Amino acid sequence: MDNRAISQVLAEIADLLEIRGDNAFKIRAYRTASETLATWPHAIAQLDEQQLRAIPGIGKDLAGRIRELAETGTAKYHQELLEQFPPTILDLLRLQGVGPKTVAMLHATLNIKSIEDLAAAAKTGKLKGLKGMGAKKEAQILASIEERAKDVGRHLLSDTAATAAALVEFLRIHDRNVELIPVGSLRRGRETCGDIDILAVGGQPGLMDALISHPDVERVLGQGDTKSSVLLRGGYQADLRLVPRESRGAAMQYFTGSKAHNISIRDRAVQLGFKLNEYGLFRLDDDSRVAGETEEGIYRALGMEWVEPELRENRGEVEAARAGVLPKLITLAELRGDLHMHTTETDGKDDLTAMAEAAHRLGREYIAITDHSQALAMANGLDEKRALAHAARVRALNGRFENLTLLAGIECDILSDGRLDLSDDCLAQLDIVVASIHSNFSQDSQQMTDRILRAIECPWVDILGHPTGRRLLQREPLKFDMTAVMDAVSRHGMVMEINCQIERLDLNDSHARAARERGIPLVISTDAHSVNALSRLQWGVQVARRAWAQSGDVLNTRPLAELRTRLRRHRRT
DNA sequence: GCCGTTTTCGGCCCGACTGTTTTCAGTCG
């Protein structure tokens with residue numbers, strides 16, 4: 001079983017326990033464990049009980065269940081719960097406004113087991129008489145059922161950022177004095193965002209009317225004086241929250257999250273005799289206010305360093321902030337070069353000169369031109385002769401742009417059996433080689449692992465490009481043994497890429513962190529196929545920051561001379 | 001079910017909004 005599947009079972013157990021009305025803290029334990037494992041960078045199923053218990057939030061019982069899942073593919077406890085409630089009942093929890101108590105009551109009174117059952121009951125007016133149910137609630141449930149297909153869930157980070165920026169502009173027209181701050185998962189730089197959270201500091205309640213009046217609002221989910229939620233066209237939920245100026249920092253902290261981080265630091269606050277909410281940090285004994293205007297003030301009062309938003313996932317940052325050992329995260333300004341891009345020689349939209357000129361304008365000190373290799377026929381991939389001729393043209397441009405060096409490289413396909421698409425002799429004549437998988441994605445884990453390991457054996461491969469091959473919201477990552485691959489990469493002095501294509505972001509944050517912790521150097525590369533795409537390094541920087549990366553962890557922050565010496569081809573003795 | 005700078009037992013984050021209610025439970029983030 002892969003991590004996702006294990007995480008899924010634990011989440012289902014949490015949902016089922018919640019419907020059953022079980023102990024709330026037990027439910028939280030399953031949910032927390034599920035969330036932790038969902039982003040765990042290495043294969044959970046391969047860990048023994050002791051290793052499992054070293055993971056925060058995993059104790060004796062959960063470790064046992066995870067072992068059981070890894071060995072047998074099912075867990076008795078899960079199956080027992082599913083005998084009480086059919087699996088389709090879990091779909092009901094996804095409906096807006098329907099929670100576990102309602103699901104349990106519907107199941108007990110009307111034997112409702114699925115969304116179809118619920119829709120039929122609502123349409124025939126059977127819900128109205130039930131406890132806590134009225135005509136409005138019945139209508140709300142019907143509306144939720146109809147909307148569930150539209151509310152497709154998560155959105156790409158850059159799309160969310162653009163939608164949020166437009167919404168901020170719109171609201172600013174209605175109140176020029178208010179400070180509008182996007183918070184939530186967008187501020188944390190998550191690869192996808194479920195909704196848009198905007199904080200209005202010092203705003204007047206009239207701002208809520210402005211939000212409701214936005215032309216893209218499809219439905220108002222709730223409207224109050226300080227908090228409103230709307231559903232926007234395109235499937236975004238947007239939440240607007242008004243706070244007074246003296247609570248600016250507390251509100252930013254609170255609404256930036258993550259939930260797990262906030263629980264952790266509120267726990268810390270309670271230990272110190274404080275209460276922390278979105279209005280400030282207060283002493284428990286006399287309710288006096290200790291902090292709240294700034295985030296820094298709150299963290300300081302809790303005996304912690306200020307924590308960068310990207311780190312706030314309860315993955316060790318609370319402990320590090322208390323110990324004063326948080327990393328100094330990499331910034332976009334520290335990147336000097338870009339080591340992955342395409343031109344019209346293969347499937348790029350702009351030619352070599354245009355790409356070089358644009359990189360020069362952006363202040364890059366070096367770039368690698370890495371067009372595709374021959375196996376990618378639909379991209380007009382390069383055979384050896386063309387690859388070397390192209391390399392000569394790339395090198396001929398050197399000297400034409402002040403302070404910009406061009407490296408002649410290639411993005412060489414890793415074939416199905418792990419051979420490289422071009423000969424060693426050809427690859428050796430280039431300045432840099434990125435190796436990537438673009439075909440035969442559905443191999444099983446063993447085949448795929450062998451394939452990648454064999455590719456890594458080729459001494460002229462410097463960088464593993466978009467290593468997992470995933471496309472966010474479209475295609476699952478390739479199945480392979482990441483731990484074994486990282487071991488091999490590390491052994492051979494190779495580099496792993498954080499690809500900045502917004503639907504790739506590959507490696508992701510947790511894999512990039514695992515790589516970094518093994519001492520594997522990272523590069524942040526645009527994989528640009530056009531001049532415009534050269535500016536998207538910022539999204540990869542977000543991933544790197546979420547991976548706790550400092551400038552020293554990322555090779556393209558280094559001057560060219562140092563970068564060269566650290567590439568595999570120049571390391572061999 | 002997890003966990004420990006008081007604790008191996010007894011704690012476990014906090015508040016807004018809605019709909020159904022005569023004071024609150026459920027849901028959400």
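Please read these numbers as outputs of a predicted model, since none were measured by experiment. Numbers restart at 1 for each chain; the letters A, B, ... are given by sequence-line order, proteins then strands.
For the residue pair A:Gln542 and A:Asp509, no side-chain donor N or O sits within less than 3.5 Å of a side-chain acceptor on the partner.
If you take atom P in B:dA16 and the same atom in B:dG10, they sit 33 Å apart, rounded to whole Å. Rounded to whole Å, the separation between the P atoms of B:dT20 and B:dC28 comes to 15 Å. B:dT23 and B:dT18 have their C1' atoms separated by 15 Å, given to the nearest Å. Separation of the P atoms belonging to B:dC12 and B:dC17 is 26 Å when rounded to the nearest angstrom. Here the separation of B:dT6 from B:dC2, taken at their P atoms, is 23 Å to the nearest Å. Comparing the C1' positions of B:dT5 and B:dG1 gives an interatomic distance of 24 Å, to the nearest angstrom.
What separates CG of A:Leu276 from C1' of B:dG29 is a distance of 15 Å, to the nearest Å. Distance CG (A:Leu52) to P (B:dC3): 12 Å, rounded to an integer number of Å. If you measure from atom CG of A:Asp267 to atom P of B:dT5, you get 10 Å, rounded to the nearest angstrom. Distance A:Leu272 CG to B:dT5 P: 12 Å, rounded to the nearest Å. Here B:dG29 presents its C1' atom at 13 Å from CZ of A:Arg154, a figure rounded to the nearest Å. The distance between atom CD1 of A:Ile263 and atom P of B:dC14, rounded to the nearest whole Å, is 10 Å. Going from atom CG of A:Leu281 over to atom P of B:dC14 covers 11 Å, rounded to whole Å. A:Leu231 places its CG atom 13 Å from the P atom of B:dC28, with the value rounded to the nearest Å.
Using a 4.0 Å cutoff on non-hydrogen atoms, the parts of residues 57-75 of chain A near DNA chain B are A:Gly57, A:Ile58, A:Gly59, A:Lys60, A:Asp61, A:Leu62, A:Arg65, ordered by number. Less than 4.0 Å separates DNA chain B from no heavy atom of any residue of residues 287-320 of chain A. Taken residue by residue, residues 28-36 of chain A places heavy atoms nearer than 4.0 Å to DNA chain B at A:Arg28, A:Ala29, A:Tyr30.
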Using a 3.5 Å cut-off and no angle test, enumerate the donor-acceptor pairs between side-chain atoms of residues 48-64 of chain A and protein atoms at least two apart in sequence or in another chain.
residue	atom	partner	partner atom	Å
A:Asp48	OD1	A:Gln50	N	3.2
A:Asp48	OD1	A:Gln51	N	2.8
A:Gln51	OE1	A:Asp48	N	2.9

Side-chain polar contacts of residues 157-170 of chain A - donor-acceptor pairs under 3.5 angstrom, sequence neighbours left out - could you list them?
residue	atom	partner	partner atom	Å
A:Thr160	OG1	A:Leu156	O	2.8
A:Thr163	OG1	A:Asp159	O	2.9

Would you list the atom pairs, donor with acceptor, under 3.5 Å between side chains in residues 123-131 of chain A and any protein atom, with sequence neighbours excluded?
residue	atom	partner	partner atom	Å
A:Thr124	OG1	A:Ala120	O	2.8
A:Thr124	OG1	A:Ala121	O	3.2
A:Lys128	NZ	A:Glu138	OE1	3.1

List the atom pairs, with distances to 0.1 Å, where a side-chain N or O of residues 272-282 of chain A and a protein N or O form a donor-acceptor pair under 3.5 Å, not counting sequence neighbours.
residue	atom	partner	partner atom	Å
A:Asn277	OD1	A:Tyr279	N	2.8
A:Asn277	OD1	A:Gly280	N	3.2
A:Glu278	OE2	A:Arg241	NH2	2.8

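Nearest to the side chain of A:Asp239, among B:dT27, B:dC14, B:dG29, sits B:dG29. In the set B:dG1, B:dT27, B:dG29, B:dG1 carries the atom at the smallest distance from any side-chain atom of A:Asn23. Listed candidates were B:dT27, B:dG29, B:dG15. Nearest to the side chain of A:Gln237 is B:dG29.
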message: I'd like to compare against my own output: the B/S/- annotation of nucleotides 16-25 of chain B with a strict under-4.0 Å heavy-atom distance to protein.
response: SSSSS-----
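With salt bridges taken as basic N to acidic carboxylate O contacts below 4.0 Å, one links A:Glu517 and A:Arg513. Salt-bridge check for A:Arg190 with A:Glu313: failed, with every basic side-chain N at 4.0 Å or more from each acidic carboxylate O. Note on A:Arg187 versus A:Glu295: salt bridge recorded, some NZ/NE/NH1/NH2 to OD/OE distance being below 4.0 Å. The pair A:Lys259-A:Glu35 fails the salt-bridge criterion, with no side-chain N (NZ, NE, NH1 or NH2) lying under 4.0 Å from an Asp/Glu carboxylate O.
Every residue meeting the ring pair (Phe, Tyr, Trp, His ring centres under 6.0 Å) condition with A:Phe85, not counting sequence neighbours, appears here in chain and number order: A:His107. Among residues two or more places apart in sequence or in another chain, the ring pair (Phe, Tyr, Trp, His ring centres under 6.0 Å) test is passed with A:His511 by none.
Between A:Thr102 and A:Leu284, it is A:Leu284 whose nearest contact on DNA chain B lies nearer the 5' terminus. Mapping A:Arg322 and A:Lys26 onto DNA chain B by nearest heavy atom places A:Lys26 closer to the 5' end of the strand.
Using a 4.0 Å heavy-atom criterion, one finds that A:Asn277 contacts the sugar-phosphate atoms exclusively. Counting any heavy atom pair closer than 4.0 Å across all strands shown, A:Leu93 reaches no nucleic acid atom. At a threshold of 4.0 angstrom between heavy atoms, the contacts of A:Lys259 include nucleobase atoms, whether or not backbone atoms are also involved.
The salt bridge (charged side-chain N to carboxylate O under 4.0 Å, His left out) analysis of residues 467-477 of chain A, with sequence neighbours excluded, yields the pairs A:Arg4-A:Glu476, A:Glu191-A:Arg470, A:Arg471-A:Glu503. For residues 237-260 of chain A, the set of pairs meeting the ring pair (Phe, Tyr, Trp, His ring centres under 6.0 Å) definition, not counting sequence neighbours, is empty.
The base-pairing partner of B:dT8, taking Watson-Crick or G-U wobble contacts with both distances under 3.5 Å, does not exist among the strands shown.
Taking the six-membered ring where tryptophan is involved, the planes of A:His155 and A:Tyr236 are essentially parallel, since the angle between them stays under 30° and well short of 60°.
For the side-chain hydrogen bond (donor to acceptor under 3.5 Å, both in side chains) test with A:Asp209, the passing option among A:Gln223, A:His174, A:Gln204 is A:Gln223; the others fail.
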task: Would you please test A:Asn262 and A:Gln253 for side chain to side chain donor-acceptor pair (under 3.5 Å) and show each step?
output: CA-CA 8 Å; A:Asn262 283 0; A:Gln253 197 291 315; 3.0 Å; yes
